[in-house]
Amino acid sequence: MPRPLVATIHISAMQKNLALARSASPGAKVWAVVKANAYGHGLLNAMRAFDAADGLALIEPENALRLREAGWTRPVMLLEGCFDQEDWRNAAANRFHTVVHCVEQMEMLEALHLSQTVNIYLKLNTGMNRLGFRPGAFRDAYTRLRALPCVNDIAFMTHFANADDPANEAVPWAEQVRAFDEATRGLPGSRSLSNSAADLMHPSVSADWIRPGVMLYGGSPSDTLAQEFGLRAAMTLSSSVIGVQHIGRGDGVGYGSAFVATSPMRVAIIACGYADGYPRHASTGTPVMVCGRQTHTLGRVSMDMLAADITHIPDAGFGSPVELWGDSVPIDAVAKAAGTIGYELMCAVAPRVRMEVKE
Ligand SMILES: *Cc1c(COP(=O)(O)O)cnc(C)c1O
């Protein structure tokens with residue numbers, strides 16, 4: 001029998017989250033972001049779940065090709081654009097909407113003299129300072145692309161640094177919107193700004209296309225619980241108890257004896273560890289559910305196992321069901337206990353974890 005650890009992907013939750021993303025920005029089309037193997041949920045699962053999306057956006061050119069091979073005929077966007085000329089040829093042949101964020105990508109395209117046309121997303125850096133042309137260089141980039149016979153549509157995009165944190169004064173999200181409006185004023189072409197956080201928290205940002213990612217998978221883009229946004233967990237990570245220890249006052253649990261009991265306890269050993277993608281930095285107290293009851297982890301997470309307190313769950317024992325995260329244990333709560341964000345946990349589920357799909 002395989003290990004009891006399973007990541008169950010809920011297609012209907014992804015469909016509902018997509019509908020919620022759409023309703024939060026009425027009138028906008030939706031690029032469903034499926035990078036990083038659909039945030040760990042499986043690229044082709046996402047393609048099926050997001051059948052109602054207007055387009056799929058991702059980073060990996062090879063996975064963009066997989067979408068076409070799997071029969072996705074609607075728009076596909078390469079969010080970082082092309083890494084070499086081969087990518088440009090594939091982008092043209094497969095009608096990918098391709099980000100151009102720097103001069104070097106433009107030069108590659110100019111040198112190719114493609115016979116097929118490409119659709120471009122010209123990226124503006126409005127303060128994230130990761131990818132994109134600065135406002136002062138934006139019009140020149142546009143003019144230069146417009147002059148190429150192989151360039152068909154040119155659309156415009158930027159990316160928020162702090163849409164999840166309206167109090168951030170270093171780079172306020174509204175200032176990024178203003179800079180985007182100013183740099184693109186009068187240019188013909190569609191516009192795309194919002195990630196999940198902006199879609200959920202800043203309905204005043206209006207554009208032709210939104211680009212939600214984490215919310216589609218039921219993760220929260222901010223400190224607000226995903227549930228409060230009405231999102232549903234798209235992944236349940238579940239396992240079972242594979243051993244029980246009865247320990248007394250002064251006994252330690254696991255490596256480093258990082259947890260020491262102050263009274264007699266029952267401890268469940270659960271088949272899930274950091275080699276499965278469970279965060280090793282999750283310390284004692286991280287929420288977990290055993291036999292449908294809330295409890296918490298004890299001590300350090302090992303490679304293949306972790307421990308949980310079942311002192312107060314008398315019916316828990318060998319074989320009892322465990323939810324590591326899902327509907328009852330928010331992935332963001334586990335992430336918080338590990339000093340990270342739900343995004344990282346969902347992306348990091350290891351290949352050895354069995355994946356099952358539920359409609
Ligand atoms: C990943 C990504 C998104 C989606 O971000 P979320 O916070 O997951 O909604 C949107 N746009 C770009 C350019 C991205 O790289």
Side-chain angles (χ1 to χ4, degrees), residues 14 17-25 28-41 43 46 49-50 53-61 63-64 75-83 96-102 105 120-133 155-166 168 171 173 176-177 180 190-203 205 207-224 226 229-231 233-235 331-332 335 340-348:
M14 292 160 80
N17 293 337
L18 174 63
L20 197 146
R22 197 185 279 287
S23 67
S25 292
K29 291 187 176 178
V30 182
W31 287 112
V33 179
V34 299
K35 63 190 177 187
N37 195 30
Y39 291 52
H41 294 68
L43 182 68
F50 302 147
D54 301 286
L56 300 177
L58 73 180
I59 299 282
E60 307 86 357
N63 286 345
V76 171
M77 165 159 41
L78 290 172
L79 289 162
E80 289 178 353
C82 294
F83 303 104
F96 298 151
H97 291 249
T98 305
V99 166
V100 171
H101 62 74
C102 65
Q105 289 181 320
I120 303 290
Y121 256 95
L122 188 57
K123 185 158 189 176
L124 179 70
N125 173 14
T126 53
M128 178 74 157
N129 286 314
R130 206 173 54 175
L131 299 180
F133 292 90
F156 309 106
M157 70 185 284
T158 194
H159 194 59
F160 289 115
N162 302 307
D164 59 315
D165 176 18
N168 190 299
V171 182
W173 68 271
Q176 287 193 265
V177 175
F180 182 80
S190 66
R191 282 140 168 84
S192 176
L193 293 90
S194 295
N195 53 6
S196 297
D199 180 45
L200 289 168
M201 298 168 70
H202 309 303
V205 179
D208 305 291
W209 288 79
I210 57 172
R211 304 188 310 273
V214 76
M215 69 177 294
L216 303 180
Y217 307 97
S220 176
S222 74
D223 286 340
T224 305
F229 288 123
L231 298 168
M235 181 194 293
I331 192 169
D332 295 300
T340 183
I341 52 177
Y343 290 76
E344 187 179 11
L345 302 195
M346 46 178 90
C347 291

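In listed order, ligands and their atoms are each counted from 1.
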L231 vs L20 side-chain heavy atoms within contact, under 4.5 Å = yes
ask   = Mind checking what makes side chain to side chain donor-acceptor pair (under 3.5 Å) contact with D223, not counting sequence neighbours?
value = none
Any W209 side-chain heavy atom under 4.5 Å of L193 side chain =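 They are not in contact (no side-chain heavy atoms under 4.5 Å apart), so the answer is no.
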request  = Using side chain to side chain donor-acceptor pair (under 3.5 Å) as the criterion, list what pairs up with D208, not counting sequence neighbours.
outcome  = none
Residues N195 and D199: side-chain donor-acceptor under 3.5 angstrom =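 The answer is no; no qualifying pair exists.
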request  = With sequence neighbours excluded, tell me which residues meet ring-ring contact (aromatic ring centres under 6.0 Å, His included) with F50.
outcome  =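 If we apply the ring-ring contact (aromatic ring centres under 6.0 Å, His included) test to F50, skipping adjacent residues, the hits are Y217.
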Pairwise, report which nitrogen or oxygen atoms of ligand 1 are under 3.5 angstrom from protein nitrogen or oxygen atoms, and how far apart they are.
from     : atom 1 : to   : atom 2 : distance (Å)
ligand 1 : 7 (O)  : Y343 : OH     : 2.6
ligand 1 : 8 (O)  : Y39  : OH     : 2.6
ligand 1 : 8 (O)  : V214 : N      : 2.8
ligand 1 : 9 (O)  : S196 : N      : 2.8
ligand 1 : 9 (O)  : S196 : OG     : 2.5
ligand 1 : 9 (O)  : G213 : N      : 2.9
ligand 1 : 11 (N) : H159 : ND1    : 3.4
ligand 1 : 11 (N) : R211 : NE     : 2.9
ligand 1 : 11 (N) : R211 : NH2    : 3.4
ligand 1 : 15 (O) : K35  : NZ     : 2.7

